[in-house]
Amino acid sequence: MSNIIEQLEKKRKEAREGGGKKRVDAQHARGKLTARERIDTLLDENSFEEYDMYVEHRTNDFGIGKKKYAGDSVVTGSGKINGKLVYVFSQDFTVFGGSLSEAHAEKICKIMDMALKVGAPVIGINDSGGARIQEGVASLAGYGDVFQKNVLASGVIPQISVIMGPCAGGAVYSPAMTDFIFMVKDTSFMFVTGPDVVKTVTQENVTQEELGGAKTHTSKSSVADGAFANDIETLFEVKKLIDLLPSNNREKSLKKKTEYQNLNPDYSLDTLVPDNPNKPYDMLELITKVIDNRDFFQVQENFAKNMIVGFGRVEGRTVGFVANQPLVLAGCLDIDASKKAARFVRFCDCFNIPLVTFVDVPGFLPGVSQEHNGIIKNGAKLLYAYAEATVPKITIITRKAYGGAYVVMASKHLRGDINYAWPTAEIAVMGAKGAVEILYRNQIKNEKDAETKTDEYTKQFANPFIASSRGFIDDVIKPQNTRRRIATALDNLENKELSSPYKKHDNIPL
Amino acid sequence: MIKKILIANRGEIACRIIKTANKMGIKTVAVYSEADKYSDFVNMADESYYIGPSAPNESYLVIKKIIEIAKKSKSDAIHPGYGFLSENYNFVKALEKEKIKFIGPNKNAITKMGDKIESKNLALKLNLNVIPGHTEAVKDPKKAIKIAEKIGFPVLLKASAGGGGKGMRIVNKRQELELNLKAAQSEALNSFGDDRVFIEKYITNPRHIEIQILCDKHGNQVHLGERECSIQRRYQKVIEECPSSFVDEKLRDAMAEQALRLAKEVKYDSAGTVEFVVDDKKNFYFLEMNTRLQVEHPVTELVTDVDLVEQMINCADGKKLRLSQQDIKLNGWSIESRIYAEDPLKEFLPSIGRLIEHQEPKIFNKDEIIRNDTGVSSGSDISIYYDPMISKLAVHAANRDKALDLMIRALEQYYIEGVDHNVAFLISTLKNRDFRRGDISTNFIKSNYPKGYAFNYGLNSSILIKFINIASLIFLKCNQGNKTKVLSVINGSDIYKIEVIECVSSKQNTNLIIKNKNKEYSLTSNWTINEKVMQLSVNDQIEFAKIDKIHNFNKYSITVEDCSLDLIVSSPDTAKLFDYMPEPKYEDLSKMLISPMPGLIKDISVKQGQKIKKGEQIVIIEAMKMENILKSEKDCLIKEILVKEGDSVSADEILINFE
């Protein structure tokens with residue numbers, strides 16, 4: 001017996017060494033942690049339970065038959081994050097460059113199956129050179145299997161991808177199918193084809209960082225949802241997100257017993273919206289003053305900044321916030337903002353996370369490039385996402401809610417449950433100036449006429465009361481009470497049930 | 001009898017006056033400009049009236065409008081506060097005509113004392129100690145040089161109508177005189193509409209000490225001791241105290257005697273302040289008389305227990321002073337810190353914007369007094385139109401040491417978010433050894449921060465221990481399920497090992513015993529995660545910290561005393577891994593000129609492609625009526641100019657790229 005235990009310990013020790021000291025040192029020298037160090041950083045102490053530690057690859061081609069590592073190039077298992085069960089795979093760059101073998105793929109699929117069965121989130125840490133070339137089509141099949149699992153798990157359990165090294169070629173499509181992608185600044189990159197191939201095909205000179213670094217993907221392509229300073233800080237942020245999310249689509253976003261929180265009025269909100277309708281203000285201040293502990297987890301912070309999306313808690317309950325940001329492009333809707341918010345709304349709807357929408361939107365962004373790039377179908381994504389969502393929907397119009405954009409932003413007409421407006425709200429078909437130009441086209445003789453008519457229109461229509469008189473707005477609330485009103489609304493909507501007609505699945509305008 | 005007072009001012013001083021009026025049962029009327037629509041004083045007053053656009057010369061300085069509202073509201077008196085119309089002869093004259101009482105001195109006293117040259121002549125006539133200088137305004141640079149050489153360099157150029165350091169310049173050398181004279185004249189013209197400038201001897205290492213006096217219309221006079229206002233930046237006071245640690249009874253009596261002699265001569269009949277400059281041998285020289293309520297009057301009130309506003313109202317009402325000199329006792333010690341929206345890291349440049357959070361310190365012990373005179377609250381705007389003062393924090397305690405400690409503790413609890421502010425700088429000054437000893441002069445800031453105030457100036461090992469304690473406490477509060485007995489607190493590349501000996505955390509209280517380098521610390525706090533200010537007891541000593549941001553379960557931004565750090569707390573295993581983390585890459589800012597503040601581009605002194613030397617003037621930005629010269633920090637070539645004259649720029653905007 002003792003002999004067997006000795007053997008086991010020996011095997012475990014081998015497995016824990018990964019690709020050996022030299023490769024581990026090289027990994028560290030790149031400013032990167034090893035696969036196991038990452039898991040240890042992510043999970044609660046001593047909570048990691050490893051699977052398939054002794055799995056090895058099964059190829060003999062190209063002379064790699066003799067080179068085998070216990071566990072092959074990925075570490076998998078389960079563990080806890082602040083007591084919450086999660087499943088993890090972490091690719092080991094020190095073993096065959098983290099390349100994906102058939103065995104590697106099987107290990108990933110195994111924990112994904114487990115996660116689906118028990119309803120726990122999956123976190124994938126990506127650091128891989130790509131397919132195991134020596135295994136040929138078997139490796140590709142492995143990718144295919146993982147993709148399929150990603151899709152089946154989508155909307156059932158949250159899937160989070162963390163890119164902590166290279167992620168290129170076909171490998172990018174597994175993260176692409178998960179709910180969130182986080183990257184590490186300076187040490188991670190993602191692309192379908194690398195700079196060398198790009199150069200050969202299109203003659204474009206571009207560095208890895210420019211082509212697919214963290215900055216590119218968080219600000220230009222919107223492939224990634226966030227980027228952080230280094231491996232450790234990135235994993236800390238993932239922990240925070242996991243803490244905010246439900247474990248699966250059967251779980252409700254419940255009120256968490258938290259410390260004393262205050263629902264007292266916040267008078268500073270009464271002066272948030274400036275008198276001058278053209279003066280911007282920071283919508284983020286409203287969000288942070290409405291949530292618990294000012295603790296907001298912003299998603300895609302550096303992309304489409306005219307739209308803010310992210311998670312926060314209200315009285316301990318996780319809420320998804322969607323808000324126009326008047327500081328950028330006056331908060332108008334454009335292609336990027338619509339896509340960003342639409343995907344976020346759908347995520348929240350998948351996992352029963354209530355939506356709170358703050359509206360200050362002057363309309364859709366006009367322009368040739370917007371039209372030619374399909375603002376029609378892209379704007380429709382957000383409209384569609386809000387309209388199909390059955391989670392509690394609370395909407396507060398702080399200032400402008402003009403035209404079609406008013407309807408899109410979780411209005412009453414899209415099954416909004418509770419629609420409030422601040423007294424500063426202007427709910428109208430368009431801004432006063434534009435409206436006057438159309439309505440009185442033939443009557444306006446000079447600038448003074450236009451001014452009088454604009455004033456008249458503003459007085460009569462640029463307020464929340466016309467919409468309220470039709471019941472499109474449930475109440476006009478004082479800004480100071482916003483947090484209390486949202487908290488009460490969330491309580492009231494806790495057992496909301498709403499169904500849509502049977503369908504195989506919907507057909508969102510992609 | 002005064003029954004209703006109109007306050008021709010704004011902000012904290014308007015609030016201050018309203019409080020006393022309420023106490024006296026007098027109704028109050030506020031006037032407000034566009035920018036002050038939602039200011040606190042407007043809500044506090046019994047009535048309020050809009051008087052015009054935000055710029056003071058279209059609102060608070062328009063005599064006609066203010067009188068109109070005084071008549072409309074049937075106010076029988078006007079308190080002018082400080083600044084604006086408080087020392088304006090025409091205003092007082094106009095009020096006289098309308099038979100509205102001016103809560104301040106008579107117009108002749110204002111005229112005689114308001115003009116610096118005239119007041120100096122009067123002082124000379126009365127044999128008061130006066131700084132050697134020329135008593136006439138100087139326009140011609142050549143004549144200026146002659147006068148300066150007669151007095152001897154260094155000399156001081158001063159705007160006749162000036163105050164608050166505006167239009168004041170020290171000139172050390174003959175060659176620098178002409179340029180500075182021009183600048184002083186233009187600043188004086190911009191600020192006061194009067195370009196007269198005069199020259200006097202500049203006294204090195206001077207202290208600024210002033211005597212508070214109180215006179216009625218019946219010839220009665222008292223003084224209320226002195227205030228020391230030597231701690232100044234940009235020629236403006238930041239820390240004031242009463243009494244002064246430098247003034248003994250003999251000096252006080254001598255200064256007060258001269259102050260009262262001057263007041264008698266002009267038949268002064270209100271609260272007023274006579275400013276002196278005092279050299280290190282206790283020679284004192286008359287500087288000027290301020291015929292108004294001073295910004296720093298709270299310290300005198302706290303030490304003498306006299307409500308100066310109440311006295312002013314009574315004097316204006318023609319009542320006799322009920323105080324005799326024997327009644328005035330200087331009791332204990334008071335200190336005032338002016339909390340400004342400004343950036344001490346950028347030479348105290350004003351900072352404007354929305355006050356996202358404004359949390360005042362709490363009173364702690366019954367025998368200590370914390371008084372915060374402010375006109376703002378969370379959600380207020382610090383606007384570009386007025387002085388960027390957030391509040392005047394004053395404390396009173398039995399002696400100077402206790403008052404200093406109390407002030408530091410009050411500042412440690414003062415939480416401000418949204419604008420840059422000088423709280424950390426004030427704490428740094430109050431901790432300074434020279435300041436503690438009372439070894440100060442108006443050059444204090446320059447000589448103690450020769451390269452300017454720097455971030456985390458006062459960071460040392462004992463503060464670091466406080467940081468570590470607080471970070472450990474936050475970690476255990478944020479990670480309540482945590483069972484680890486050893487923590488690592490990480491500050492940059494330094495890692496501290498902390499043993500958790502005991503940790504009991506309930507909803508209200510966290511009790512913690514931790515060990516750091518063989519020393520045990522017993523921590524108790526009822527802090528909850530949503531609170532910005534943490535009060536904790538460390539081995540039964542009360543400490544305060546500001547929790548600026550909790551980034552995630554492991555990373556926190558904390559302010560202790562005058563220092564701020566981002567700390568990470570983790571398990572020792574994770575902490576070890578930080579060694580492998582690469583240094584973060586920063587953008588190279590050395591190749592651009594960045595606007596240190598929002599303002600207006602007044603002048604661009606360089607052209608594209610021009611080679612400039614270190615120290616050369618590049619751009620002048622005007623903000624809050626002050627001209628700020630941006631100079632080059634090294635020899636370089638101008639590659640690209642991104643702004644033009646007249647542009648308004650925001651803080652941190654790139655103005656110019658260097659090659």
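Letters A, B, ... mirror the listed sequences (proteins, then strands); counts begin at 1. None of the values given here were measured: they were computed from a predicted structure.
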Please rank [options] by heavy-atom pairs under 4.5 Å with chain B and give me the top one.
| options | answer |
| --- | --- |
| A/T41, A/I232, A/N46, A/N230 | A/I232 |
| A/D282, A/D266, A/D231, A/L272 | A/L272 |
| A/E285, A/K240, A/R30, A/R294 | A/E285 |

Going from CG on A/D40 to CG on B/L577, what distance comes out if it is rounded to the nearest 0.5 angstrom?
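CG of B/L577 is found 8.0 Å from CG of A/D40.
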I need the A/N262 CG to B/T528 OG1 distance, nearest 0.5 Å.
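Interatomic distance, A/N262 CG to B/T528 OG1, rounded to 0.5 Å: 9.5 Å.
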Tell me the closest heavy-atom pair linking [X] and [Y], and the distance in Å.
| X | Y | value |
| --- | --- | --- |
| A/K289 | B/R354 | NZ-NH2, 4.5 Å |
| A/E233 | B/K555 | OE1-NZ, 2.9 Å |
| A/G31 | B/P582 | O-CD, 3.5 Å |
| A/S268 | B/S378 | CB-O, 3.1 Å |

What class does the angle between the rings of A/H28 and B/Y580 fall in, given that below 30° is parallel, 30 to 60° is tilted and above 60° is perpendicular?
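Answer is parallel, since the angle falls under 30°.
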Please check if the side chain of A/K239 supplies one atom and the backbone of B/N552 the other of a donor-acceptor pair under 3.5 Å.
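It does not hold such a pair.
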Of all of B/D579, B/N554, B/T574, B/N479, which one pairs up most often with chain A through heavy atoms under 4.5 Å apart?
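It is B/N554.
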Name the option with the most non-hydrogen atom pairs under 4.5 Å to chain A; the candidates are B/K549, B/H358, B/E357, B/K576.
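Most heavy-atom pairs under 4.5 Å with chain A: B/E357.
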Go through the atoms of [X] and report whether side chain, backbone, both or neither lie under 4.5 Å from a heavy atom of chain A.
| X | answer |
| --- | --- |
| B/S571 | side chain |
| B/K37 | side chain |
| B/I550 | backbone |

Whether over 12 other heavy atoms sit under 6.0 Å from A/K22 NZ:
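For A/K22, atom NZ is not crowded (no more than 12 foreign heavy atoms under 6.0 Å).
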Is atom NZ of A/K84 surrounded by more than 12 heavy atoms (other residues, nucleotides or ligands) closer than 6.0 Å?
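Check passes, neighbour count above 12.
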Which atoms of [X] approach chain B - backbone, side chain, both or neither, heavy atom under 4.5 Å:
| X | result |
| --- | --- |
| A/D275 | side chain |
| A/E45 | side chain |
| A/D295 | side chain |
| A/E237 | both |

